[in-house]
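Below, each value reflects all heavy atoms present in this structure, side chains not excepted, and no hydrogens, waters or symmetry copies. In what follows, chains are A, B, ... by sequence order, proteins preceding strands, each numbered from 1.
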2 protein chains.
Amino acid sequence: MLTNFYEQAEEMIRHTGDRITRGRVLVLGILLAEKKAISHHEIEEKLGDDSAINRVTLYRILEWLNKKDLAHKVISGDRKWRFRTNIYTGLHQHAHFKCSICAAVTCLSDVKAKYSSPLPPGYQSHEVELTVKGLCAECA
Amino acid sequence: MLTNFYEQAEEMIRHTGDRITRGRVLVLGILLAEKKAISHHEIEEKLGDDSAINRVTLYRILEWLNKKDLAHKVISGDRKWRFRTNIYTGLHQHAHFKCSICAAVTCLSDVKAKYSSPLPPGYQSHEVELTVKGLCAECA
DNA sequence: TATTTTGCGCAACTTAGTTGCATTTAATAT
DNA sequence: ATATTAAATGCAACTAAGTTGCGCAAAATA
């Protein structure tokens, strides 16, 4: 059923007006099929040997997806970036859960980030990222 | 006036029961003097040539400070860790501000992180980290 | 002052991400 | 269908951040 995701990916890419390339379709398809944020390395693994994409190209595809708002970068503490499509999440004010054991990052789509006090004078908020750390259901 | 911070640092380190070493006092002193979270590299710069500490040792000191709850790690998107003493902030539920231009990370001590909905079933929350991204007063 | 345990420095390594440039390829114009 | 061209890809080499193992140095204690 991954085919559907690839078709969906192609449609989303077409919509940007930029080129529809093998790499972009493959990567976005994988991200669409995935429910959680995954790392560069995990994407490489899912691509497999036959449909392998160059390391650098993969970085550039992810960067492009991010720029086109088709995916967003999830920041975690292990100096790895993770990516996730943002078709289901609002662009701003979404929250992430990071498991302290398995390091998996999950988007908490129902959880809205809030902060109780105003920012210091002169500061401007563009985006709020909330990370809840703890144990996921698997590791608890 | 930095001397005071070093004395304070020494006292805090003594309190842990572990060894009071030159490196630990220097690094914690610098962190105490600093109001915002600073990176490994910035700490090295502040140490200067005369009181230089080995790169690896500095990592290990920061790790130790973190373990002893004398400092905490601030995660940002540039794959650099930043450290800040947590004598003034509560251990949990503190928020950070990251400037999109100068990349400076500031602790927002007055801002409490909140999330509106419960976690998925089976999940356990240990720590909540909230990062507000935008422009700081300097760069706005 | 000697002993022991802990922390430090060095060198070498890993992993994640970056840059420049030559080659290929998707879109388009012919 | 084919040529053109701008954009995307692949390669190689690099940087920056963080890690590991081990011998040596220095705090704490006796």
Separation of atom CZ in A:Arg24 from atom P in D:dG10, rounded to whole Å:
12 Å

Starting from P on C:dG7, measure out to NZ on B:Lys67 and report it in whole angstrom.
7 Å

Taking only residues at least two apart or on different chains, which pairs with a member in residues 16-31 of chain B satisfy salt bridge (charged side-chain N to carboxylate O under 4.0 Å, His left out)?
B:Asp18-B:Lys68

Does the side chain of A:Glu11 reach to within under 4.5 Å of the side chain of A:Gln8, using non-hydrogen atoms?
no

Using side chain to side chain contact (heavy atoms under 4.5 Å, CB included), reason through A:His72 and A:Phe83 one step at a time and then give a plain yes or no.
CA-CA 6 Å; A:His72 68 268; A:Phe83 290 84; over 6 Å; no

Stepwise side chain to side chain contact (heavy atoms under 4.5 Å, CB included) check, A:Leu31 with A:Leu70
CA-CA 10 Å; A:Leu31 290 181; A:Leu70 298 179; over 6 Å; no

Set of salt bridge (charged side-chain N to carboxylate O under 4.0 Å, His left out) partners for B:Lys67, sequence neighbours left out:
none

In B/S/- notation (B base, S sugar-phosphate only, - none; protein heavy atoms under 4.0 Å), nucleotides 12-23 of chain D written 5' to 3' is BB--BBBBBB--

From CG of A:Leu62 across to P of C:dT18 the rounded distance in Å is 11 Å

Taking CD from A:Glu42 and P from C:dG17, how many angstroms apart are they, rounded to a whole number?
12 Å

Classify every nucleotide of nucleotides 24-30 of chain D by which part a protein heavy atom approaches to under 4.0 Å, writing B for the base, S for the sugar-phosphate alone and - for neither, in 5'-to-3' order.
--BBS--

Verdict with reasoning, A:Tyr6 to A:Ile30, per side chain to side chain contact (heavy atoms under 4.5 Å, CB included):
CA-CA 8 Å; A:Tyr6 291 137; A:Ile30 287 169; 4.1 Å; yes

Residues which pass side-chain contact (heavy atoms from CB on, under 4.5 Å) with B:Glu10, listed by chain and number, not counting sequence neighbours
B:Arg14, B:Ile20, B:Val25

Scan the side chains in residues 50-63 of chain B for donor-acceptor partners under 3.5 Å anywhere in the protein, sequence neighbours excluded, and list what turns up.
{"unit_1": "B:Ser51", "atom_1": "OG", "unit_2": "B:Leu47", "atom_2": "O", "d": "2.5"}
{"unit_1": "B:Asn54", "atom_1": "OD1", "unit_2": "B:Val56", "atom_2": "N", "d": "2.9"}

Nucleotide D:dC11, atom C1' - distance to CD1 of A:Ile53 in whole Å:
16 Å

B:Ser39: which residues meet the side-chain hydrogen bond (donor to acceptor under 3.5 Å, both in side chains) condition with it, sequence neighbours left out?
B:Glu42

Quick test of your reading: applying ring pair (Phe, Tyr, Trp, His ring centres under 6.0 Å), list the pairs with at least one residue in residues 12-38 of chain A, sequence neighbours left out, ordered by first then second residue.
none

Angle separating the five-pair end axes of the helix from C:dT1-D:dA30 to C:dT30-D:dA1, nearest 10°, is 30°

Measure NZ/A:Lys73 against P/C:dG17 and give the value in whole Å, please.
8 Å

The salt bridge (charged side-chain N to carboxylate O under 4.0 Å, His left out) partners of A:Glu45 (sequence neighbours excluded) come to none

Using atom NZ of B:Lys68 as one end and atom P of C:dT6 as the other, report the distance to the nearest whole Å.
11 Å

